[in-house]
2 protein chains.
Amino acid sequence: MQAQKDAVQLLKNAGLRVTPQREAILQFLLDYDGHATVDDIYTSLQDRFPSMSVSTVYNTVKQLSQVGLVKEIGVGEGASRFDINVEPHHHLVCTRCGALFDFYLEEPIRLSVPPEAEGFEVEDYHVEVRGVCPRCKKQQVS
Amino acid sequence: MQAQKDAVQLLKNAGLRVTPQREAILQFLLDYDGHATVDDIYTSLQDRFPSMSVSTVYNTVKQLSQVGLVKEIGVGEGASRFDINVEPHHHLVCTRCGALFDFYLEEPIRLSVPPEAEGFEVEDYHVEVRGVCPRCKKQQVS
DNA sequence: ACCTAGATGAGAACGATTCTAAAGTACGAC
DNA sequence: GTCGTACTTTAGAATCGTTCTCATCTAGGT
Ligand SMILES: [Mn+2]
Ligand SMILES: [Mn+2]
Ligand SMILES: [Zn+2]
Ligand SMILES: [Zn+2]
């Protein structure tokens, strides 16, 4: 009885037109275990959509973000990553290999806003924890 | 008796060669109230160094970061910003105008690391709070 | 079946950053 | 003070991720 993660239905519910490319991109993200870049998506779908443009991937992930089906994560260097996990959560970033891991805060942050930002209206926040992932730690020389 | 923020001395102490460009860039950041981009620095020093290359600014801020004299802040879209405030602190980012404000956490975060990231070695972290700054709130239509 | 707002595809354009290679300079050694 | 050399600067090309343009195509309502 649990909500089926059907790409077509999700698109329809979001009020987006269902195209083969959109369906494939959303399905890819639903199946993908991790935080895919546009290029990850693009290359993975080359076989099935040899003529799909990289613009289409950009357009699609942007719209999926706008309707809240995915979340864009821009950490450190390089390309944005797209996260099918849209719950509020945060990320560990490996400074060696760029790997990303989800994590959750045990309690929400409490911040002291400086006078010059008095009245700042908080929408949301994201914590980026940098460090060395277990895999890179193992391979370390030192 | 307080530590003089002399650009030349800071460079020497950091073991960096003192060049006019470096001195000017570091001095600019010391005087600048905020979070300057490479282009901010570059354009502001055009008068004094008409032939300075943008590469020099990139090279210099990278080295200043490496020796810990400045901190590179990469929030959201657009160009990196460079922060002369190297104490651990975090940022409010205006999603309308891009303005950046410092803030401090009242207490350090406590995170629950998922099993697949077991053993992740934390180096540091940065909290990016998105929202609407007081100025943009005032100008708002709604 | 038809119409049209919206989507796609190819490639150009863009902004930020890095790279390259040649010419210039800081600074330690003498 | 002069010299040598390792480091720095410069201009421009190159790269990377992303956005834009516009002609063609199509999903989905009528
Ligand atoms: Mn995530
Ligand atoms: Mn700051
Ligand atoms: Zn790693
Ligand atoms: Zn603002």
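The chains referred to below are lettered A, B, ... by the order of the sequence lines, with proteins before strands, and numbering in each begins at 1. We use all heavy atoms of the structure for the numbers below, so side chains are in, but hydrogens, waters and symmetry mates are not.
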Should the side chain of [X] and the base of [N] be counted as holding a donor-acceptor pair, with the cut-off at 3.5 Å?
| X | N | answer |
| --- | --- | --- |
| B:Ser55 | D:dG12 | yes |
| A:Arg17 | C:dA5 | yes |
| B:Thr19 | C:dA26 | no |

### Query
What orientation do B:Phe120 and A:Phe101 show, parallel under 30°, tilted 30 to 60°, or perpendicular over 60°?
perpendicular

### Query
If each of B:Lys12 and B:Arg81 is mapped to the nucleotide of DNA chain C with the nearest heavy atom, which maps nearer the 5' terminus, i.e. the 5' end?
B:Arg81

Which part of the nucleic acid, if any, lies within contact of [X], taking any heavy atom under 4.0 Å across all strands shown: a base, the sugar-phosphate backbone alone, or nothing?
| X | answer |
| --- | --- |
| A:Val18 | sugar-phosphate |
| B:Ser51 | sugar-phosphate |
| B:Ser80 | sugar-phosphate |

Whole-Å distance between [N] [atom2] and [X] [atom1]?
| X | N | atom1 | atom2 | result |
| --- | --- | --- | --- | --- |
| B:Met52 | C:dG24 | CE | P | 19 Å |
| A:Glu77 | D:dG17 | CD | C1' | 12 Å |
| B:Ile73 | C:dA16 | CD1 | C1' | 17 Å |
| A:Leu11 | C:dT8 | CG | P | 10 Å |
| B:Leu16 | D:dT8 | CG | P | 7 Å |
| B:Tyr42 | C:dA16 | OH | P | 13 Å |
| A:Asn59 | D:dC25 | CG | C1' | 15 Å |
| A:Ile41 | D:dT18 | CD1 | P | 11 Å |

### Task
Taking only the side-chain heavy atoms of B:Ala79 (C-beta and beyond), determine which of D:dG28, C:dA16, C:dT18 contains the nearest atom.
C:dA16

### Query
Between D:dT26 and A:Gln21, is there an OP1 or OP2 to side-chain N/O distance shorter than 4.0 Å?
no

### Query
Has A:Tyr58 got a side-chain N or O lying under 4.0 Å from the OP1 or OP2 atom of D:dT19?
no

### Query
Taking B:His90 as the fixed residue, which of B:Leu105, B:Asp102, B:Val129 is the one that meets the side-chain contact (heavy atoms from CB on, under 4.5 Å) rule?
B:Leu105

### Query
Which residue, A:Asn85, A:Leu100, A:Val70, A:Asp40, forms the side-chain contact (heavy atoms from CB on, under 4.5 Å) with A:His35?
A:Leu100

### Task
May I ask you to test the B:Thr60-B:Gln21 pair for a side-chain heavy-atom distance under 4.5 Å?
no

### Electrostatic pair B:Arg130:A:Glu123 at N-O distance under 4.0 angstrom
no

### Task
Would you mind telling me which residue lines up with the more 5' stretch of DNA chain D, A:Lys62 or B:Thr60, judged by nearest nucleotide?
B:Thr60

